[in-house]
There are 2 protein chains.
Amino acid sequence: MRARDKTQKSAVREENERAILKAAEEVFAERGFRGATTGVIADRAGIPKANLHYYFPTKEALYRRVVEHIFNVWLDAANTFDESDDPVEALTSYISAKMDISRAHPMGSKVWANEILHKAPVIQDYLETTLRDWTASRAAVIDRWIAEGKIAPVNAQYLLYMIWATTQHYADFNHQVDTLNGGLPLNEAQFEEAKRTVTGIILAGIGAIPPTAVGPDASAQPACADA
Amino acid sequence: MRARDKTQKSAVREENERAILKAAEEVFAERGFRGATTGVIADRAGIPKANLHYYFPTKEALYRRVVEHIFNVWLDAANTFDESDDPVEALTSYISAKMDISRAHPMGSKVWANEILHKAPVIQDYLETTLRDWTASRAAVIDRWIAEGKIAPVNAQYLLYMIWATTQHYADFNHQVDTLNGGLPLNEAQFEEAKRTVTGIILAGIGAIPPTAVGPDASAQPACADA
DNA sequence: GCTCATTTTGACCATTTGGTCAGGTTTTTG
DNA sequence: CAAAAACCTGACCAAATGGTCAAAATGAGC
């Protein structure tokens, strides 16, 4: 090819980068940045190590691309928060989206966790810009719900942390969860129950729904706790 | 010394092992198992690397000791769960203890998180014995509270995960929490509010207390959510 | 089929790192 | 005090690993 549009990637490049990034996400998640070796990543992508370095000059550049991709997936899920202005609907869909990502995309969550654990050497700027802005604006939404009497007064920031921690636990700590489940991954029904439990406790915890009203099939007595 | 009691450690050995283990916990937390080097650990402990290897023959043996120590700290906190048979008291003291550990002992939590993230190569046996037993017995307690009508029916296992995830978040993700707090660690008042928020949402979420009744100073209207 | 950019790869290198070892010093004990 | 045990450490080594490079293969456009 003589003069390709510089923004256009050749098919082979596209395909190789995809394979490398997929392998890299797995290996970085399993072994951390230091524990991951370009040799192993290349093997898993089915190419020689020297070829990997042709596409990604350094291990750090590759890692950066992986983390950026994960951050974008995370941002997509974050948008479900805005699907409704009703706290029950908004939080239900947000929690559901985050739980689904934990199940379908656990490697990404693990890479993120690893990065934060090691003081975010690569993504500190994201934390200070995009994440900080997102968090502040959603905290404002929650504060408005409180002002409108839709939910009980709780600290919005710490509520968000609670949602993040709980949903991501099913990705980051899935090995522990699996072990405590007899060594098997949660099946579909178990995972749905976990999702209902998390959603129910959060929503009841902020007074958006009565306790025990977990899930749409909640027909039990409305149960005001101090009755 | 000719014939020291084999279970008795000399003072110098005691002191050196202590310094090494302290340094090791920090370095393993900051850099993970692979990222940590015996050289850096020795430096931070103030001894030559060869001396470290005199006390701990291999890096893995040292790591194992660190993880065992952390597990014991964790078990101590776990006992606060049994201080009372009242769900509000028991869960309040348990959550409080776990939050305090996250604040005072974050390195340990991070080492644990790292280990689980990497599929627990060293502590799999603990997960399958001590942790599994502890979890099952406390789940039974929670189920009894449900049967006695003290709390709403929730899945005990997933409730426990929620408590672990939320409390440990303040240790494992403290860098993210700090960044979203303007780059500064949570001060005493903020941390206490986080603790109250977590406790309040959990307890209200399972119908043990009414929403908004967060903390002992809750004198606001009792507010039954569905009123 | 010629040209030239792109892609591929085995061989290689410098650095890092876990761990060893021989010989030394200090402490305990009889 | 003498011997034995415990402790200390600089120098060293083999393996692993991130990255380079030169030479070869490939393929698009003329």
Side-chain angles (χ1 to χ4, degrees), chain A residues 1-21 23-28 30-67 111 114 118 121-122, chain B residues 1-21 23-28 30-67 111 114 118 121-122:
Chain A
M1 66 193 68
R2 194 71 61 84
R4 174 184 297 283
D5 177 348
K6 291 242 175 100
T7 66
Q8 178 72 321
K9 288 174 182 172
S10 80
V12 52
R13 182 172 206 104
E14 193 102 27
E15 169 55 26
N16 276 336
E17 286 189 358
R18 229 183 39 75
I20 293 170
L21 286 170
E25 182 173 304
E26 289 174 18
V27 177
F28 282 131
E30 284 170 14
R31 312 166 64 146
F33 179 75
R34 298 289 289 261
T37 70
T38 54
V40 169
I41 295 171
D43 279 354
R44 199 169 305 192
I47 58 171
K49 188 179 71 165
N51 200 9
L52 180 148
H53 279 280
Y54 170 71
Y55 286 106
F56 298 93
T58 68
K59 181 176 161 182
E60 187 174 326
L62 173 56
Y63 181 69
R64 201 173 215 99
R65 281 282 302 275
V66 169
V67 173
V111 174
N114 237 308
H118 299 5
V122 166
Chain B
M1 68 194 62
R2 194 74 60 85
R4 175 185 296 285
D5 177 349
K6 291 240 173 97
T7 66
Q8 178 73 321
K9 287 173 181 173
S10 79
V12 53
R13 181 170 207 106
E14 194 103 29
E15 170 54 26
N16 276 336
E17 287 189 358
R18 230 181 40 74
I20 293 170
L21 287 169
E25 181 173 304
E26 290 174 18
V27 177
F28 282 131
E30 284 170 15
R31 310 166 67 146
F33 179 75
R34 298 291 290 260
T37 69
T38 54
V40 169
I41 295 171
D43 280 354
R44 200 169 307 191
I47 59 171
K49 189 179 69 165
N51 200 10
L52 181 146
H53 281 281
Y54 171 72
Y55 286 105
F56 298 92
T58 67
K59 180 176 162 182
E60 188 174 325
L62 173 57
Y63 181 70
R64 198 174 217 100
R65 282 283 302 274
V66 168
V67 173
V111 173
N114 237 309
H118 299 5
V122 166

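Scope of the values below: all heavy atoms of this structure, side chains included, with no hydrogens, waters or symmetry mates. Lettering of chains follows the sequences in order, A, B, ..., and the numbering in each one begins at 1.
Side-chain proximity of B:Thr58 to the nucleotides C:dT8, C:dG19, C:dG18 is greatest for C:dG19. Minimum atom distance to the side chain of B:His53 is reached by C:dT20, of the listed D:dG19, C:dT20, D:dC8. When distances run from any side-chain atom of B:Tyr55 to the nucleotides D:dC7, C:dT20, D:dG18, the shortest one goes to D:dC7.
Counting to the nearest Å, the P atom of C:dT8 and the CZ atom of A:Phe56 are 13 Å from each other. For the pair A:Asn51 CG and C:dT9 P, the computed distance is 6 Å after rounding to whole Å. In this structure, A:Leu62 atom CG and D:dT17 atom P are separated by 16 Å, rounded to whole Å. For the pair A:Glu15 CD and C:dT8 P, the interatomic distance rounds to 11 Å; values are reported in whole Å. Atom OH in B:Tyr63 sits roughly 20 Å away from atom C1' in C:dG19 (whole-Å rounding). A:Glu17 has its CD atom 9 Å from the P atom of C:dT7, to the nearest Å. Look at CG on B:Leu52: it is 12 Å from P on C:dT20, rounded to the nearest Å. The distance between atom NZ of A:Lys59 and atom P of D:dG19, rounded to the nearest whole Å, is 8 Å.
Residue B:Thr38 places at least one side-chain N or O under 4.0 Å from the OP1 or OP2 atom of C:dG18. Close to C:dG19, at under 4.0 Å from its OP1 or OP2, lies no side-chain N or O of B:Tyr54. In terms of phosphate contacts, B:Asn16 brings a side-chain nitrogen or oxygen within less than 4.0 Å of OP1 or OP2 of D:dC8.
Listed here is the closest heavy atom pair of B:His118 and A:Asn114: CE1-ND2, 3.2 Å. Taking each heavy atom of B:Ile41 and B:Leu62 in turn, the nearest pair found is CD1-CD2, 4.1 Å.
Along DNA chain D, the nucleotide closest to A:Ala50 and the one closest to A:Arg34 are compared, and the more 5′ of them pairs with A:Arg34. Along DNA chain D, the nucleotide closest to B:Arg13 and the one closest to B:Lys49 are compared, and the more 5′ of them pairs with B:Arg13.
Residue B:Ala36 is in sugar-phosphate contact alone, with no base atom involved, counting any heavy-atom pair closer than 4.0 Å across all strands shown.
Although no hydrogens or angles enter the test, the distance criterion places a donor-acceptor pair under 3.5 Å between the side chain of A:Lys59 and the main chain of A:Ala36.
A salt bridge links B:Glu17 with B:Arg13: the distance from a Lys NZ or Arg NE/NH1/NH2 to an Asp or Glu carboxylate oxygen falls below 4.0 Å. Salt bridge annotation for A:Glu30-A:Arg44: present, with a cationic side-chain nitrogen under 4.0 angstrom from a carboxylate oxygen.
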